[in-house]
Amino acid sequence: MFRGHDGAGPPTPVAASTPPSSLSPAWTASGTPAWEVTPAPGRTPASDVTPAPGRTPAPDVTPALAWEPAQAAGQAWETASGSGPDQAAAAPLAPAKADGRAAGDLLDNLGGWEPAATPVGVFRLVPVILERDLALISSWMNDPAVAAFWELAGHDSVTAAHLRAQLDGDGRSIPCLGVLDDKPMSYFEIYQADLDPLARHYPARPHDTGIHLLIGGVVDRGRGIGSVLLRAVSDLVLDNRPRCTRVLAEPDMCNTPSVSAFLTSGFRYCAELDLPDKRAALMVRDRALRNLL
């Protein structure tokens with residue numbers, strides 16, 4: 001799963017035609033600002049999103065899972081049975097397995113991992129449910145700064161295909177929303193790197209675990225939040241996958257802010273990789289060094 005940008009910092013322009021890095025908020029059909037989105041790393045199928053206008057949950061989604069974009073800044077997810085911060089607080093997000101798949105068979109039950117306390121708030125990974133989350137992720141993917149790296153812009157079906165390839169697979173890659181203090185603000189792909197095409201390009205070890213990251217909102221970029229989340233997520237991987245000795249990432253070598261974010265979060269630069277779609281920096285966080293870097 002190769003990704004062009006890990007979204008941990010502001011994207012580095014790749015050519016004169018690269019879209020501007022400033023992102024305007026996505027808008028709902030009613031004209032209200034919806035969740036913002038951030039750039040995402042490399043590629044398999046397609047993924048990154050902002051809420052699509054007029055989007056309604058599929059009929060088979062139960063009210064408790066029919067989360068919708070907040071209608072005002074500062075609000076978290078809403079449920080179909082109510083809206084606003086009070087209702088969102090009363091119905092905390094549960095690890096999602098409503099897509100009928102045993103989330104995390106190859107990734108040690110990722111959907112059941114506990115939240116992590118971070119300097120910027122309580123963070124957790126929530127496995128994607130397509131009917132619930134497609135509009136948001138697709139809106140992120142259509143942000144010009146995100147699209148320049150993820151290449152998933154266009155109709156929601158583009159992002160849906162990218163997500164389905166993982167959701168309908170064998171569990172070696174799990175797309176997740178990154179939820180900070182009950183607000184979905186980032187997109188992650190956690191994948192078993194030794195079972196991925198990436199393993200053809202480096203000396204893989206059993207249970208190597210890879211991370212792709214996208215920060216959704218402009219307000220969350222350039223403030224070091226990406227580094228905090230990368231450390232939190234790699235800690236979650238090491239805490240919940242006892243057989244995993246290394247967490248990996250492969251940001252584009254040209255994306256200096258992203259590489260810097262990984263270095264700041266305890267990863268070390270290991271090698272340069274010639275991948276099919278980019279020249280990548282292989283970043284590694286070792287279990288044996290996690291308390292030293």
Original post:
Which atom names give the shortest non-hydrogen contact between Leu230 and Phe267, and what distance separates them?
Top reply: O-CE1, 4.2 Å

Original post:
How about Met283 and Leu263: do any of their side-chain heavy atoms sit closer than 4.5 Å?
Top reply: yes

**OP:** Any chance you could lay out the side-chain contact (heavy atoms from CB on, under 4.5 Å) test for Val284 and Val247, step after step, and finish with the verdict?
**Re:** CA-CA 6 Å; Val284 176; Val247 183; over 6 Å; no

**OP:** Check whether any side-chain N or O of Asp274 sits under 3.5 Å from a backbone N or O of Arg279 as a donor-acceptor pair, and report yes or no.
**Re:** no

Subject >> Non-hydrogen side-chain atoms of Arg243 and Asp108 separated by less than 4.5 Å >> reply: yes

**OP:** Kindly determine whether His207 and Thr245 satisfy side-chain contact (heavy atoms from CB on, under 4.5 Å), including the steps that lead there.
**Re:** CA-CA 7 Å; His207 308 291; Thr245 62; over 6 Å; no

Subject >> Atom pair CZ/CG of Arg124 and Asp181 - distance to nearest 0.5 Å >> reply: 10.0 Å

Subject >> Minimum-distance pair of heavy atoms, taken over all atoms of Val259 and Asp252 >> reply: CG2-O, 3.9 Å

Original post:
Quick one: CG on Leu293 to OG1 on Thr264, what's the gap to the nearest 0.5 Å?
Top reply: 11.5 Å

Original post:
Taking all atoms of both residues into account, what is the closest heavy-atom pair of Leu273 and Tyr202, and its distance?
Top reply: CD2-CB, 4.3 Å

Subject >> Trp113 (side chain) donor-acceptor with Val237 (main chain) under 3.5 angstrom >> reply: no

Original post:
Does Arg287 have any salt bridge (Lys or Arg N to Asp or Glu O under 4.0 Å) partners at least two apart in sequence or in another chain, and if so, which?
Top reply: none

Original post:
Are the side chain of Asp196 and the backbone N or O of Gln192 linked by a donor-acceptor pair below 3.5 Å?
Top reply: no

Original post:
Which value, rounded to the nearest 0.5 Å, describes the distance between Asp220 atom CG and Leu180 atom CG?
Top reply: 7.0 Å

Original post:
Where the side chain of Ser265 meets the backbone of Ala261, is there a donor-acceptor pair that is under 3.5 Å apart?
Top reply: yes

Subject >> Any pair counted as salt bridge (charged side-chain N to carboxylate O under 4.0 Å, His left out), so long as it reaches residues 198-219, sequence neighbours left out >> reply: Asp208-Arg246

Subject >> Non-hydrogen atoms of Leu134 and Leu163 that approach each other most closely >> reply: CD1-CD1, 4.1 Å

Subject >> CA sep, side-chain torsions, deciding dist, call: Arg290, Asp235, salt bridge (Lys or Arg N to Asp or Glu O under 4.0 Å) >> reply: CA-CA 8 Å; Arg290 67 183 294 192; Asp235 278 339; 2.9 Å; yes

Original post:
Step by step, would you call Asp133 with Tyr187 a side-chain contact (heavy atoms from CB on, under 4.5 Å)?
Top reply: CA-CA 10 Å; Asp133 304 324; Tyr187 171 77; over 6 Å; no

Subject >> Minimum-distance pair of heavy atoms, taken over all atoms of Pro251 and Ser258 >> reply: CB-OG, 3.6 Å

Subject >> Min side-chain heavy-atom separation Asp286-Arg268 under 4.5 Å >> reply: yes

Original post:
Considering only heavy atoms from C-beta outward, does the side chain of Met185 approach that of Ile225 to under 4.5 Å?
Top reply: yes

Original post:
Looking only at atom types and distance, does a side-chain atom of Asp170 sit under 3.5 Å from a main-chain N or O of Arg172, one as donor and one as acceptor?
Top reply: yes

Original post:
Rounded to the nearest 0.5 Å, what separation is found between the CG atom of Leu275 and the CG atom of Leu198?
Top reply: 6.5 Å

Subject >> Steps toward side-chain contact (heavy atoms from CB on, under 4.5 Å) verdict (Tyr191, His212) >> reply: CA-CA 8 Å; Tyr191 66 99; His212 295 138; 3.3 Å; yes

Original post:
So do Asp182 and Val122 actually touch side chain to side chain, heavy atoms under 4.5 Å?
Top reply: no

**OP:** For Ser173 and Glu189, test the side chains for any donor-to-acceptor distance below 3.5 angstrom and give the result as yes or no.
**Re:** no

Original post:
Between Gly171 and Leu106, which heavy-atom pair has the shortest distance, and what is it?
Top reply: O-CB, 3.7 Å

Original post:
Between atom CZ of Arg285 and atom CZ of Phe262, what is the distance when rounded to the nearest 0.5 Å?
Top reply: 11.5 Å

Original post:
Can you find a pair of side-chain heavy atoms, one from Leu213 and one from Ser186, that are under 4.5 Å apart?
Top reply: yes

Subject >> Non-hydrogen side-chain atoms of Pro184 and Val126 separated by less than 4.5 Å >> reply: no

Original post:
Is there a side-chain contact between Ile211 and Leu248, using heavy atoms and a 4.5 Å cut-off?
Top reply: no

**OP:** To the nearest 0.5 angstrom, please state how far the CG atom of Leu130 sits from the CD atom of Gln166.
**Re:** 11.0 Å

